[in-house]
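In the text below, chain A, chain B and the rest are named by the order of the sequence lines, each starting its count at 1.
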Amino acid sequence: MESIRIELPDGSVKEMAKGSTPLDVARSIGERLAKDSVAARVDDTLVDVSTPIESDAKLALITLKSADGLEVYRHSTAHLMAHAVKELFGDKVQVTIGPAIDNGFYYDFYSPKHTFSPEDFAAIEGKMATLAASDMPITREVVTRDEAIQLFREMGEAYKVELIEDLDVSTVSLYRQGPFVDLCRGPHLPSTGYIKAFKLTSVAGAYWRGSEKNAMLQRLYATAFPDKKELNKYLERLEEARKRDHRKLGRELDLFSFSDEAGAGLVIWHPRGAMLRTLIEDFERREHLKRGYDIVMGPQILRTELWKTSGHYENYRENMYFTEIDEQSYGVKPMNCLAHMLIYKSQMRSYRDLPLRYFELGTVHRHEKSGVLHGLLRVRGFTQDDAHILCMPEQLDGEIKGVLGFVRDVMAIFGFEYELEISTRPEKSIGSDVDWERATKALISALDDTGLPYEINEGDGAFYGPKIDIKLKDALDRKWQCATIQCDFTLPERFDLTYVGADGEKHRPVMVHRVILGAIERFIGVLIEHYAGNFPLWISPVQAVVVNVTDNQQAYAEQVFTQLRAAGVRVQKDFRNEKLGFKIREAQMAKTPYMLVIGDREMEEGTVAPRHRSGRNLDSMTPEAFVAFVAEECSRYQ
RNA sequence: GCUGGCGUAGCUCAAUAGGUAGAGCACCUCACUUGUAAUGAGGAUGUUGCGGGUUCAAUUCCUGUCGCCAGCUCCA
């Protein structure tokens, strides 16, 4: 019999008969490995453990311990769910697609006759458990494209037919488990019995193939883990994450609110939230001034004519608010660039002036679709830490690198990890091919320079230029774009911006539109979840609360409070006639960093006894010492 | 914007086969003078999101609208 050489990840080589399967190889190593292997990687291709190997190859067996294994597991669980749904709802539903995602999987069903609700979950889970327990083999078969089309057509699965019809291949693979068959590339678990722990989590609408022009499908989300223990751990983690939800903490910590009466997506900042925001904005002003930006301010509304000049009226009108007064139409600004353009144009510019960096904490309004609003993370009125850099083309690289460095420094201060993405030209856009190419190259070069990994989103750029996006994650790992760096070769053109070069001729400057935190609202939303409401001292709206033990110390405590406030500590007092434990508890729940306890002892010594929200007590110290202590802890950010 | 779910006191949630609503916390009053996560007693609290319809009667059923939640689409 012909034999082949199988190279294993540790470099060892096994001689196996031609046509041996990964499972055969696993068995030759050990029964335990054979049992644990759910798929295999043969020369970089993921396959089933039952796929025969026909020639010399590198082989890695995949168990549920690896990310690949888990993905296979979840994908197979998605099939199991589709199988269960077909058994329960039969002809009422058609299957479409069901991939594995982070922490689980989903499956989309076309189901006009039955609307899925969480009440269906128990039945579906029960059926899945039965199907898993029956341990049906999951088998792969390869058929021609036409055979597959015919098969799914007979089954009444129109969406599968459409999928196959769009495939440019001669054969497709099918996976069967009992009577259930699905078009799938695989690989899959050897049998349904491998599936042990899963839970349906939610149901939501999703457009077929992600386009709002297509039919709305019903998507069942679920999670799956190799065993119940891990599943429960995940569910607990999810529960913990929900406690960090900035919408919940925002109310509990009395930071902000929304009001139907005011309007959807419009933030109302309460004293503590407004303080938090002010502190962050002050920080921003300092950091920008340090880096050579000039602070500027523009008006809230500008004449509609100007939005026509900029191209916003043409491209962004549906997101804008307009108002008309004295027969004059104005647009409420959705972006801050226009005033910055006017500042640039207010005088003749020399190449010696460049780069010019105009910074504005600019409040903008955008009419976002009602369904996308989400706490502070997606609102209709927000303030950006916006800047427009106007420079010579040869300065572009350096400016973009400078901004990326700025982002890196700021994110380090808040302890954020972030993901970088670059987005290229979309279909609906303005500007020439040459400009787009030059701008895109500049961004890529700057990204490469950071040495950090980044993703490329083709066609995802703004209508006026390509961009780099920096994304942060919320408590539930949903990604939100915060910082963004966008090249714009269009506005300088439209506003006819020029500078006089060394040659005495007029030249066109290039523009970089960039934000570091992005929208302050969104950033604070993510920040609340990041710290779970336990803000570091330098941005804590309330840094300390003075708490007396009995009325006896009230006069002294009042004096301490006044002294600390005069010294710039953000301090509050709680002199209510309550037990100390009660007042400590309240301060604790408000996540106040320090509680300054004053009893007879402290009054006699002229000190306070600080208690940190962690429960740790500091040695008693004089109010002056506490002021210095706070100043020291905050100093590294100022 | 779309699909589905939801809107009851400041917050978290009960209630009703259709008969105009209750509990805890918070709030107010009184007593207690208290040492590091809840002292006790008493009190007040609602146009049941808003409008229209069906009905003798609507918080409950129907409908419109506003808002919220999950996801999709879209974006900081």
Side-chain angles (χ1 to χ4, degrees), chain A residues 106 108 111-112 115-119 201-221 245 247-248 251-252 254 257-265 316 318-319 334-335 362 364 366-380 382-386 423 460 462 467 469-472 476 478 480-484 486 513-523 525-526 547-554 576-590 595-602 609-613 615-617:
Chain A
Y106 65 78
D108 287 347
S111 178
T115 302
F116 287 100
S117 82
E119 273 123 61
T201 50
S202 63
V203 53
Y207 298 110
W208 167 237
R209 296 192 152 180
S211 166
E212 59 187 330
K213 293 188 187 78
N214 290 340
M216 181 64 81
L217 306 174
Q218 293 182 50
R219 175 171 297 178
L220 292 177
Y221 280 92
D245 191 313
R247 292 166 297 187
K248 185 174 153 68
R251 190 171 48 240
E252 289 171 359
D254 197 19
S257 64
F258 291 92
S259 156
D260 314 11
E261 293 166 291
Y316 205 72
E318 60 274 25
N319 287 296
M335 297 180 194
V364 297
R366 299 182 185 173
H367 183 83
E368 301 290 348
K369 289 178 178 177
S370 60
V372 304
L373 301 176
H374 184 95
L376 289 182
L377 299 183
R378 190 75 181 272
V379 292
R380 285 185 173 149
F382 55 98
T383 299
Q384 297 177 300
D385 59 337
D386 205 357
S423 299
D460 223 21
K467 58 176 185 171
D469 290 331
I470 286 93
K471 298 199 171 176
L472 305 181
L476 289 172
R478 290 177 292 211
W480 295 93
Q481 181 179 317
C482 289
T484 179
Q486 314 187 338
H513 163 113
R514 44 103 291 178
V515 290
I516 303 296
L517 304 182
I520 308 290
E521 285 76 1
R522 174 177 291 182
F523 185 77
V526 179
V547 178
N548 59 342
V549 177
T550 71
D551 296 351
N552 192 35
Q553 307 90 29
Q554 186 155 348
R576 288 175 301 171
N577 184 8
E578 296 286 354
K579 288 183 127 174
L580 182 62
F582 179 84
K583 295 198 272 191
I584 295 277
R585 178 183 152 82
E586 285 208 349
Q588 186 74 39
M589 290 195 306
M595 295 146 231
L596 304 178
V597 177
I598 293 179
D600 287 336
R601 211 158 46 232
E602 287 74 22
R611 174 194 195 276
H612 188 254
R613 64 186 162 203
R616 193 184 72 229
N617 282 316

Which atom pairs link the protein and nucleotides 5-12 of chain B when you take only N or O atoms and keep those under 3.5 Å?
| unit_1 | atom_1 | unit_2 | atom_2 | d |
| --- | --- | --- | --- | --- |
| B/rU12 | OP1 | A/R251 | NH2 | 3.1 |

- Item | Qualifying residues under side chain to side chain contact (heavy atoms under 4.5 Å, CB included), relative to A/E586, sequence neighbours excluded | A/R576, A/F582
- Task: Go through the N and O atoms of the side chain of A/D551 and the base of B/rU33, and report whether any donor-acceptor pair is under 3.5 Å.
- Result: yes
- Base B/rG35 paired with A/E602 side chain (donor-acceptor, <3.5 Å): yes
- Item | Any residue meeting side chain to side chain contact (heavy atoms under 4.5 Å, CB included) with A/R247, in chain and number order, not counting sequence neighbours | A/D245, A/H374, A/R478
- Is any side-chain nitrogen or oxygen of A/T484 closer than 4.0 Å to OP1 or OP2 of B/rA76? no
- Message: Less than 4.0 angstrom between a side-chain N/O of A/R616 and OP1 or OP2 of B/rU36, yes or no?
- Response: no
- Query: OP1, OP2 of B/rA76 versus side-chain N and O of A/Q481: anything below 4.0 Å?
  - Reply: yes
For nucleotides 70-72 of chain B, give me every protein contact, N/O to N/O, under 3.5 Å, one pair per line with atom names.
| unit_1 | atom_1 | unit_2 | atom_2 | d |
| --- | --- | --- | --- | --- |
| B/rA70 | OP1 | A/R247 | NH1 | 3.3 |
| B/rA70 | OP1 | A/R247 | NH2 | 2.8 |
| B/rA70 | OP2 | A/R247 | NH1 | 3.2 |
| B/rA70 | OP2 | A/H374 | ND1 | 3.3 |
| B/rG71 | OP1 | A/R478 | NH1 | 3.4 |
| B/rG71 | OP2 | A/R478 | NH1 | 3.2 |
| B/rG71 | O3' | A/Y221 | OH | 3.0 |
| B/rG71 | O2' | A/Y221 | OH | 3.3 |
| B/rG71 | N3 | A/G205 | O | 3.4 |
| B/rC72 | O4' | A/G205 | O | 3.3 |
| B/rC72 | O2' | A/Y207 | N | 3.1 |

- Message: Under a plain distance cut-off of 3.5 Å, with no hydrogens placed, do A/E368 and A/N319 share a side-chain donor-acceptor pair?
- Response: no
- Dot-bracket encoding per residue of RNA chain B, Watson-Crick/G-U cut-off under 3.5 Å, | denoting interstrand: (((((((..((((.....[..)))).(((((.......))))).....(((((..]....))))))))))))....
Expected rows: protein N/O vs nucleotides 45-48 of chain B N/O, under 3.5 Å:
none

- State plainly whether the residues A/D469 and A/K467 are in salt-bridge range, i.e. N to O under 4.0 Å. yes
- Message: Rounding to an integer number of Å, can you tell me how far A/D254 CG sits from B/rA26 C1'?
- Response: 13 Å
